[in-house]
Protein chains: 2
Amino acid sequence: MTLSSVEDILIEHGVKPTPQRVVIAKYMLETHSHPTADEVLQAVESKLPVALSRATVYNTLNTLVQAGVIREVVTEAERTRYDANMTEHHHFVDVKSGKILDIPADQIAHLKPLLGNNFKVHSYQITFFGEVKDQ
Amino acid sequence: MTLSSVEDILIEHGVKPTPQRVVIAKYMLETHSHPTADEVLQAVESKLPVALSRATVYNTLNTLVQAGVIREVVTEAERTRYDANMTEHHHFVDVKSGKILDIPADQIAHLKPLLGNNFKVHSYQITFFGEVKDQ
DNA sequence: CTTGGTATTTAGAATAAGTCTAAACCGAGA
DNA sequence: TCTCGGTTTAGACTTATTCTAAATACCAAG
Ligand SMILES: [Mn+2]
Ligand SMILES: [Mn+2]
Ligand SMILES: [Zn+2]
Ligand SMILES: [Zn+2]
């Protein structure tokens, strides 16, 4: 992904493409690792000629979430992760490695999930967000 | 729920029933509110003749999780909630009130969830925990 | 009952993710 | 070139949770 195509994506989403934002968005759009803010900082700071502040990483990630470029992923209480895969999908956490894999939504259309034989599901959790009408 | 029946439950789970643990477990077993550690502390401290330490609340909640008396619920990044409902179920977060409701697992056996007309689902997330076989 | 060892509790310090603040910086116009 | 609003920065701050070290409770053996 070229820097200028990342710029285009930011502009399309109404985000002014500063060097910090471009480099962070580029990293998010290329990785599949569902990184934490700190992982983004580590991965990206060497790509800029100036120092990159932790505050800027958080500011940018929050801006990108607001703009609909990325989303937050909450799989553990300790920290938030970020994900540029905006297709409807869920997550599979490998408890051994901690790695988070994407599961396309249509792949679990029939519950008692048959994800394929490569996944051994210990447990899963569905969390709904919405509104309750009565009381 | 009587104090001694709570004691029995703790003993059955291999947890020594101290006054602090009994009072915390009793509260957890009676509420349906998926409280945070701090909410447990608030609700319970007046029930003991001695001061109750935050550390004891966390120690006890962690002990009860380990023992299988309660479980952790992670619906938001900011803090962990606790739940004594150990039946297979998921959670519905009312984004207006923040309240968390239990959804029995069999109630969503057919996806594209029909929870009944009292729930307006904005979004939902399924998180699997398990092991991946290939890489 | 004593005594000593182990588990538990406690207050407060420490840790760590995330936010806030105030000053410096930057870039698009006037 | 000058100005101004938006952005970035370092570091302080907040807050949930854990850690620490001392005090306490409990219990078994003598
Ligand atoms: Mn992906
Ligand atoms: Mn319940
Ligand atoms: Zn994802
Ligand atoms: Zn529940």
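Order of the sequence lines sets the chain letters (A, B, ...), proteins ahead of strands, with each chain counted from 1.
- For Thr80(B), no side-chain nitrogen or oxygen approaches OP1 or OP2 of dA16(D) to under 4.0 Å.
- For Arg54(A), counting side-chain heavy atoms from C-beta on, the closest listed nucleotide (dT10(C), dT9(D), dT19(C)) is dT19(C).
- A donor-acceptor pair is defined here as one N or O able to donate and one able to accept, closer than 3.5 Å; no such pair exists between the side chain of Arg81(B) and the backbone of Glu72(B).
- Taking atom CD on Gln66(A) and atom C1' on dT7(D), their separation rounds to 16 Å, with Å as the unit.
- For the residue pair His90(A)/Asp102(A), the side-chain donor-acceptor check at 3.5 Å is not satisfied.
- Between the CD atom of Glu39(A) and the C1' atom of dA17(C) there is a distance of 13 Å, rounded to whole Å.
- Between the side chains of Thr60(B) and Thr63(B), no donor-acceptor pair is found at a separation under 3.5 Å.
- Following rounding to the nearest Å, Gln42(B) (CD) and dT15(D) (P) show an atom-to-atom distance of 14 Å.
- Across the protein-nucleic acid pair, Glu76(A) atom CD and dA16(C) atom P stand 15 Å apart, rounded to whole Å.
- For Gln20(B) and dA25(D), the shortest distance from a side-chain N or O to OP1 or OP2 is not below 4.0 Å.
- Protein atom CG of Leu48(A) is 12 Å distant from nucleotide atom P of dA10(D), rounded to whole Å.
- Contact between the side-chain N/O atoms of Asn62(A) and the OP1/OP2 oxygens of dT19(C) is found at a separation under 4.0 Å.
- Nearer the 5' end of DNA chain C, as judged by each residue's closest nucleotide, is the contact made by Asn59(B), out of Asn59(B) and Ala37(A).
- Between the OH atom of Tyr58(A) and the C1' atom of dA16(C) there is a distance of 9 Å, rounded to whole Å.
- Atoms CG (Leu61(B)) and C1' (dT8(C)) sit 15 Å apart, rounded to a whole Å.
- For Val50(A), counting side-chain heavy atoms from C-beta on, the closest listed nucleotide (dT10(C), dT9(D), dT7(D)) is dT9(D).
- Distance from the side chain of Thr56(B) is smallest to dT10(C) among dT10(C), dG18(C), dT8(D).
- If you take CG of Leu52(A) and C1' of dC25(C), they are 15 Å apart, rounded to a whole angstrom.
- The side chain of Thr18(B) places no N or O atom within less than 4.0 Å of a non-bridging phosphate oxygen (OP1 or OP2) of dC26(D).
- Residue Met28(A) forms a side chain to side chain contact (heavy atoms under 4.5 Å, CB included) with just one option from Val69(A), Leu61(A), Val44(A), Asn85(A), and that option is Leu61(A).
- Taking only side-chain nitrogens and oxygens, Arg21(A) comes nearer than 4.0 Å to OP1 or OP2 of dT7(D).
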Please determine whether ring-ring contact (aromatic ring centres under 6.0 Å, His included) holds for the pair His32(B) and His34(B), giving the CA-CA distance in whole Å, both sets of side-chain angles, and the decisive distance to 0.1 Å. CA-CA 6 Å; His32(B) 282 217; His34(B) 302 86; 7.9 Å; no

